[in-house]
Number of protein chains: 2
Amino acid sequence: MARWEPNARGRLAQAAMDLYSQRGFEQTTVAEIAQRAGLTERTFFRHFADKREVLFAGADALQQALVGALEDAPRSLAPIDAVGIALEAVAAQLPERPDFSRRRQAIIDANPELQERERIKLASLAAAAADALRRRGVADPTAVLAAEMGIAVFRVAFERWISATNQQDLSRVIRDSLDELKAVTAGK
Amino acid sequence: MARWEPNARGRLAQAAMDLYSQRGFEQTTVAEIAQRAGLTERTFFRHFADKREVLFAGADALQQALVGALEDAPRSLAPIDAVGIALEAVAAQLPERPDFSRRRQAIIDANPELQERERIKLASLAAAAADALRRRGVADPTAVLAAEMGIAVFRVAFERWISATNQQDLSRVIRDSLDELKAVTAGK
DNA sequence: CAAACGATGACAGTTACTGTCATCAGTATA
DNA sequence: TATACTGATGACAGTAACTGTCATCGTTTG
């Protein structure tokens, strides 16, 4: 018989989501999360670097999808369009239904500390995209700007996607938002 | 005679900059900052919301300059060009010489927590710019995208400006960077 | 001149996070 | 089969960021 219940990390993440939803992020202590998961506070910090990180553990997979897609994209594509393809690869990593993303985003939107972490994760995505573009031969500052624009498009599209009224695929919303971006910088 | 030495806030900010530079942000305690300023830890937290905020207290003035310039800019300008003018107004708030900005940025670049705070401050600038654009009659998502583009341009330009080799005005670097942005989204 | 004010100090309390050592079921090794 | 090793967890003490609260006492105001 196993010495411990399996999937400690998953239980911690679930307990954290539940408590952050119910009481709010600040009003939840790590001790409470650990207790609900049947573990100790110390073990929480072995699985997650800090109290916020439990909501952002999935970011690594998104970053890998982004970079992989940029490496595979046809070299003939302009930087901004390669980024567009990469954004759709990121979208493919998310569940088809936005329910989970909505729950998670509501928690983040209710707390400034979590918004800080979200922004730095997005900045990290942008930096990884810029690196991948440079490996495609795109020079700075074009690489940085194309990457930042891609992330801006993703943010706008994601927000639309999880909005209550939206009916479309994230992939579709991304394409539309990218087109609007191109119109903006064309000075229209 | 005054009951206390004047400019407690300024002394705290100076002490913090000095110590963050010498020992690094993490290795500096708030108690040390307060002691160097001749005050107590409790007083530090009356002037600054947290240990990071002491490096970002100037952000309010930048935001006001940004919004003011957007309100004053000719309505005939395309959103992205109005944003360009607003960025130059922000630049005018900074000292002409990048020395101070370099010192400050070196501290931030050495610490992830400070980078989080920097990013959320920039995000706040972007949100304020988007609001100002909406008041100019620019619809979403154009307003959001133009604002985010502007902040991306500012980041790139600022980094160039404080680089050791740069000789140009921040204002000039901003104009150049904005032109490069336009080239990116034109699909070149 | 008395009362209200406002910046600061003193001090106790909470909690995020870290370092360190012990525990012990499972696994590899001699 | 006995022994050593491993790896996830617990136990526990410690640091430091931040908060709440009350006291202090020059300054300002009526």
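When reading the values below, keep in mind they use all heavy atoms of this one structure, side chains included, and skip hydrogens, waters and symmetry mates. Worth saying up front: this structure is predicted, and the values here are computed from it rather than measured. Chain letters run A, B, ... following the sequence lines, proteins first and then strands; every chain starts at 1.
More than 12 heavy atoms of other residues, nucleotides or ligands sit less than 6.0 Å from atom CD of Gln115(A).
An OP1 or OP2 oxygen of dT15(C) is reached within less than 4.0 angstrom by no side-chain nitrogen or oxygen of Thr29(A). Applying the 4.0 Å criterion to OP1 and OP2 of dA7(C), one finds that His47(B) has every side-chain N and O outside that range. Applying the 4.0 Å criterion to OP1 and OP2 of dT8(C), one finds that Thr40(B) has every side-chain N and O outside that range.
Side-chain atoms of Arg46(A) and base atoms of dG7(D) include no donor and acceptor less than 3.5 Å apart.
With rounding to whole Å, Arg42(B) atom CZ is found 12 Å from dA7(C) atom C1'. Atom C1' of nucleotide dG10(D) and atom CG of Leu39(A) are separated by 10 Å, given to the nearest angstrom. Between Ile33(B) atom CD1 and dA17(D) atom C1' there is a gap of 11 Å when expressed in whole angstrom units. If you take CZ of Phe25(B) and P of dA16(D), they are 14 Å apart, rounded to a whole angstrom. One atom, CG of Asp50(B), and another, P of dC17(C), lie 13 Å apart when rounded to the nearest Å. Rounded to an integer number of Å, the gap from Glu5(A) CD to dG10(D) C1' is 16 Å. When rounded to the nearest whole Å, the span between CD of Glu113(B) and C1' of dA16(C) equals 11 Å. Protein atom CZ of Arg11(A) is 14 Å distant from nucleotide atom P of dA8(D), rounded to whole Å.
Considering only the side chain of Arg3(B), dG26(D) comes nearest among dT9(D), dG26(D), dG9(C).
Where Trp4(B) and Phe45(B) meet DNA chain D, the nucleotide closest to each residue was compared, and Phe45(B) sits on the side nearer the 5' end.
The aromatic rings of Phe158(B) and Phe154(B) lie parallel to each other, their planes meeting at an angle below 30°, with 60° marking the opposite boundary.
Looking at Glu159(B) and Gln105(B), their side chains never bring a donor and an acceptor atom within 3.5 Å of each other. In this model, a donor atom of one side chain and an acceptor atom of the other lie less than 3.5 Å apart for Asp18(A) and Gln14(A).
Figure legend: Arg103(A) and Tyr20(A) shown without cation-pi pairing, the cationic atom not lying both under 6.0 angstrom from the six-membered ring centre and within 45 degrees of its axis.
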